[in-house]
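Everything on this sheet refers to the single structure shown next.
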Amino acid sequence: MVVARPIMGAIAVLLACIFDGVNSRGTHWPKSLSPQPARPKDAAGHPGSGNCTTHWFTQATDHFSFAPPPPGYPVTFQERYFVCHNGVDPTEAKAIWFYCGNEADVELYVNATGLMWENSAAHDAVMVFAEHRYYGETVISGPTGSPPVSTPALRYLTMEQALADYATIIRALPDLLGTAELPVIAFGGSYGGMLAAWLRMKYPGSIAGSIAASAPILAFPGMTPSYDSNSYWQVVTRDATPDAGAAKGCDSNVRAAFSALWNLGTSESGRAQLQSSFKVCKTTPVTTANDVQRLAFMMLNAWDTMAMGNFPFASDYLVFQQTGNSAVTMPPFPVRVACDFMTNYTSETGGDVGDAALLAAMQRASGVLYNVTQTEECLELPDDPNYDGIWDYQYCSELLPQETYFTLDGQKDMFWARPMNMSAIDAHCREVFGFAPRADWIATEFGGMEGVRQASNIVFSSGLYDPWSSGGVGVAEAVASGKFEASFGVDGSVTAVVLPHGAHHLDLMFHTAQDPADALAARSVELQSAAKWAKEWTEQRSQNHTNE
């Protein structure tokens, strides 16, 4: 997911992207496997990894084979995790709060997950943040000479192996932390939220419950009802309308800008105009049809990332891995800021309403993300805007959500027509990794909504500004209730909470004065649920001992 990779699919990281930094000649945002900087305390003085201790846990490389891995692979590897006491004495702790690491350096989540930091002491909970295999400093080496993004190098990168890692380390936590056996509550946002939910569904004996924020576990083929991938881009588009607080006409102007981009891209003179209007660096000239596509997807990624990061406060969450500077932030409601450029461009360009003015407005709008430092003179096109390094392997193997593959139609969304093409996806995955995705595997393994109905003790939260809400659990039911909350599960203990004014896992972040009331309400549900689950687990354990 271009997550923000922090996370996923847009995202991470940004939920989720992993960037390779700022180039002095201009800005570009390709994904990278290079080490990322650890984030210090931010300007608000929030605690973070510097308040924790770093540890390593020996994990099996392959949890699902009794035979050792083939030659060239280690039998075990070292998984990094952070222990954060936050004033809680382990010998007196009453719970363990366990963060399921995402597709990035786990320090990003140690430093951003304010819900845990601000409430763990009141719950007498020790915090543990575990890093996902193959990300950050948790490395599994492949055969010598294997390219870093290849099937030989990434052979043991699966969601199932990561879940087994978490279940294994959780079992060892009492000895590792020096605590009694305690209830464990899993937390996670984006892909980490998916893992937290799936951990409860697949290993219910490991944890007492899960807080799964912005966790699109229904965004897969084979679900009932089926998932419409274009619904993702419809949410991005809604963020650019008055319904989400943006200026009227922004979405139609964005759509017109993309139309102009593609039209100009068909001629040499038009591509020269694109080079000029978007201030593309001379080092990456727009000279071919492929360059035009790279530029278009770079603009798409900007709107995608700003939608996920459409928080009511200035935030470095989706840009820190680009800048390495916690003082550099996107503004509050970045989509609204970008939309101001898209709707006020005529006056800023002397009344010019032609393509050049429209595209220049798009350039300034994308600069809310790409020129967040306000120091870049040009925009450098990424080498490959469609795919996402290691995450592309996880998409090609298990279709873990990657929105750049999702359907665009240029009508219900503000972009252009490009249907999701599974034949092309299969061909790409075979070319790069030697295999095609197992399209229905996640539906088979977890059962979609039917699996949710058979589960217990999970809170799913989704923000309506967040495009990943399109694959969230219970969103339609919660909205229809009028209370923005709905219950599922075998005993009604699976709760879906909707934040009408929430972006990507806003509820997991440190509180601010700008937080909407629905974020406060979601946090209240999550914390009450965590306390209830811990109490029930403790009482049941006590009853079991009495019966013995």
Side-chain angles (χ1 to χ4, degrees), residues 94-100 115-116 119 123-125 163 166-167 170-171 181-189 192-218 220 223-225 442-462 469 471-499 507-508 518 521-548:
K94 296 179 181 177
I96 297 169
W97 284 6
F98 182 90
Y99 189 93
C100 299
L115 180 71
M116 295 175 67
N119 297 282
H123 289 247
D124 295 314
L163 288 177
Y166 296 158
I170 286 170
R171 186 177 179 85
E181 288 191 23
L182 297 173
V184 178
I185 308 299
F187 290 75
M194 299 167 76
L195 293 170
W198 286 336
L199 186 63
R200 175 62 184 173
M201 296 167 77
K202 197 174 186 70
Y203 297 99
S206 294
I207 56 176
S210 295
I211 306 300
S214 295
I217 67 166
L218 303 181
F220 294 89
M223 296 293 178
T224 302
I442 297 298
T444 300
E445 186 167 11
F446 292 105
M449 274 306 299
E450 185 55 36
V452 170
R453 294 186 184 98
Q454 300 302 319
S456 64
N457 293 8
I458 306 173
V459 174
F460 290 98
S461 65
S462 300
S469 65
V473 168
V475 174
E477 293 88 345
V479 171
S481 74
K483 299 179 180 180
F484 297 100
E485 189 174 326
S487 297
F488 304 91
V490 291
D491 55 0
S493 65
V494 175
T495 303
V497 179
V498 166
L499 291 70
D507 45 319
L508 291 190
D518 41 271
R523 291 171 184 148
S524 178
V525 170
E526 290 159 354
L527 294 171
Q528 290 178 28
S529 297
K532 178 176 181 289
W533 300 333
K535 182 174 182 290
E536 291 173 345
W537 185 97
T538 302
E539 290 174 348
Q540 183 62 53
R541 183 57 58 96
S542 176
Q543 182 64 42
N544 291 345
H545 288 166
T546 299
N547 292 338
E548 291 173 357

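All values derive from a computational prediction rather than experimental measurement.
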query: What residue pairs, at least two apart or across chains, pass side chain to side chain donor-acceptor pair (under 3.5 Å) with a residue in residues 475-487?
result: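 Every candidate side chain to side chain donor-acceptor pair (under 3.5 Å) pair involving residues 475-487 fails, so no pair, neighbours aside, qualifies.
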For [X] and [Y], which heavy atoms make the closest approach, and how far apart are they?
{"X": "W533", "Y": "G209", "value": "CE3-CA, 3.4 Å"}
{"X": "L218", "Y": "G472", "value": "CD1-O, 3.6 Å"}
{"X": "G188", "Y": "A196", "value": "N-CB, 4.0 Å"}
{"X": "A212", "Y": "I458", "value": "CB-CG2, 4.3 Å"}
{"X": "Y99", "Y": "G189", "value": "OH-N, 3.3 Å"}
{"X": "W97", "Y": "L115", "value": "CZ3-O, 4.1 Å"}

field: NZ (K202) with more than 12 external heavy atoms under 6.0 Å
entry: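 More than 12 within 6.0 Å, yes.
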So do the side chains of [X] and [Y] get within less than 4.5 Å of each other, counting heavy atoms only?
{"X": "V184", "Y": "S206", "answer": "no"}
{"X": "V497", "Y": "E526", "answer": "no"}
{"X": "K532", "Y": "E536", "answer": "yes"}
{"X": "F484", "Y": "V479", "answer": "yes"}
{"X": "I170", "Y": "F98", "answer": "yes"}
{"X": "K94", "Y": "T538", "answer": "no"}

task: Would you check if the side chain of S493 reaches a backbone N or O of N457 as a donor-acceptor pair within less than 3.5 Å?
output: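 Present.
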Nearest-0.5 Å distance, [atom1] of residue [X] to [atom2] of residue [Y]:
{"X": "I185", "Y": "R200", "atom1": "CD1", "atom2": "CZ", "value": "8.5 Å"}
{"X": "Y203", "Y": "R171", "atom1": "OH", "atom2": "CZ", "value": "12.0 Å"}
{"X": "T495", "Y": "I211", "atom1": "OG1", "atom2": "CD1", "value": "9.0 Å"}
{"X": "S456", "Y": "M201", "atom1": "OG", "atom2": "CE", "value": "10.0 Å"}
{"X": "L199", "Y": "I207", "atom1": "CG", "atom2": "CD1", "value": "4.0 Å"}

- request: Scan V525, L508, D507 and name whichever one has a side-chain contact (heavy atoms from CB on, under 4.5 Å) with S461.
  value: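 So, applying the side-chain contact (heavy atoms from CB on, under 4.5 Å) to S461 and each of V525, L508, D507, only D507 qualifies.
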field: Aromatic ring pairing W198/F446, orientation class (parallel under 30°, perpendicular over 60°, tilted between)
entry: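 Parallel.
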message: By the salt bridge (Lys or Arg N to Asp or Glu O under 4.0 Å) test, which pairs, at least two apart or in different chains, include something from residues 206-217?
response: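 Checked against salt bridge (Lys or Arg N to Asp or Glu O under 4.0 Å) - neighbours excluded - no pair reaches residues 206-217.
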- request: Show your reasoning for whether side chain to side chain contact (heavy atoms under 4.5 Å, CB included) applies to I442 and M223.
  value: CA-CA 9 Å; I442 297 298; M223 296 293 178; 4.2 Å; yes
- prompt: Under the side-chain hydrogen bond (donor to acceptor under 3.5 Å, both in side chains) criterion, do E450 and Q454 qualify, and how do the steps go?
  reply: CA-CA 6 Å; E450 185 55 36; Q454 300 302 319; 3.1 Å; yes
